Amino acid sequence: MLNDYYDFRIWIESSPEVGFQRGLLRDKTEYKVDTEDDWINKWMPEEKRYIEAHKPQEKADYIVDGNEEQ
């Protein structure tokens, strides 16, 4: 597992809604594509499965509150 190769692990905790909105904004701004369907039907379900199976937040050395305004 790659976890063994990391010196320091940071987990950014945010609600699914915040992550969704930020991801859409990033994709539209940086990549100039509308990825809403991909986010809803692919990315978010896969991310949820990964988090439930691997619990990366429990292995983090530092947790950041990603719900705060930027």
Side-chain angles (χ1 to χ4, degrees):
M1 175 176 245
L2 292 175
N3 194 49
D4 296 336
Y5 294 98
Y6 299 137
D7 292 324
F8 193 79
R9 294 167 298 269
I10 298 172
W11 177 258
I12 301 174
E13 183 69 43
S14 67
S15 70
E17 296 80 17
V18 168
F20 174 71
Q21 291 302 321
R22 288 184 182 160
L24 284 181
L25 179 61
R26 181 203 59 221
D27 291 352
K28 288 179 181 177
T29 303
E30 291 185 28
Y31 305 116
K32 310 290 190 246
V33 296
D34 182 5
T35 59
E36 186 169 349
D37 184 63
D38 283 342
W39 270 89
I40 292 170
N41 296 306
K42 295 177 186 172
W43 178 261
M44 292 179 76
E46 287 298 322
E47 182 179 66
K48 184 174 189 264
R49 279 192 283 280
Y50 173 81
I51 292 168
E52 289 173 355
H54 298 282
K55 299 179 180 21
Q57 69 277 22
E58 293 179 6
K59 299 172 182 85
D61 297 298
Y62 187 74
I63 297 176
V64 176
D65 181 358
N67 289 306
E68 297 179 7
E69 290 292 321
Q70 296 180 357

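Nothing here was measured: the structure is a model prediction, and the numbers come from that model.
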### Query
With clusters built from Ile, Leu, Val, Met, Phe, Trp and Tyr whose side-chain heavy atoms come within less than 4.5 Å, directly or transitively, what are the remaining members of the cluster of Tyr62, listed by chain and number?
Phe8, Ile10, Ile12, Val64

### Task
Just jot down the side-chain hydrogen bond (donor to acceptor under 3.5 Å, both in side chains) partners of Lys48, sequence neighbours excluded, or say none.
Glu52

#### Entry: Qualifying ring-ring contact (aromatic ring centres under 6.0 Å, His included) pairs, either residue in residues 16-49, two or more places apart
Trp39-Trp43

### Query
What pairs with Asp34 under side chain to side chain contact (heavy atoms under 4.5 Å, CB included), at least two apart in sequence or on another chain?
Lys28, Glu36

#### Entry: For Ser15, side chain to side chain contact (heavy atoms under 4.5 Å, CB included) partners two or more places apart
Glu17, Val18, Asn67

### Query
side-chain hydrogen bond (donor to acceptor under 3.5 Å, both in side chains) with Glu30: which residues, sequence neighbours excluded?
none

### Message
Once side-chain hydrogen bond (donor to acceptor under 3.5 Å, both in side chains) is applied, do any residues pair with Asn41, and if so which ones, sequence neighbours excluded?
### Response
Asp37

## Note on the structure
Of all heavy-atom pairs linking Gly19 and Ser14, the shortest is N-OG, 4.0 Å

### Message
Tell me whether Ile63 shares a hydrophobic cluster with Tyr50, the cluster being built from Ile, Leu, Val, Met, Phe, Trp, Tyr side chains joined at under 4.5 Å.
### Response
yes

### Task
Would you please name every residue forming a side-chain hydrogen bond (donor to acceptor under 3.5 Å, both in side chains) with Lys42, sequence neighbours left out?
Asp38

### Task
Any pair with a residue in residues 7-16 that passes salt bridge (charged side-chain N to carboxylate O under 4.0 Å, His left out), sequence neighbours left out, goes on the list, sorted by first then second residue, please.
Arg9-Asp61

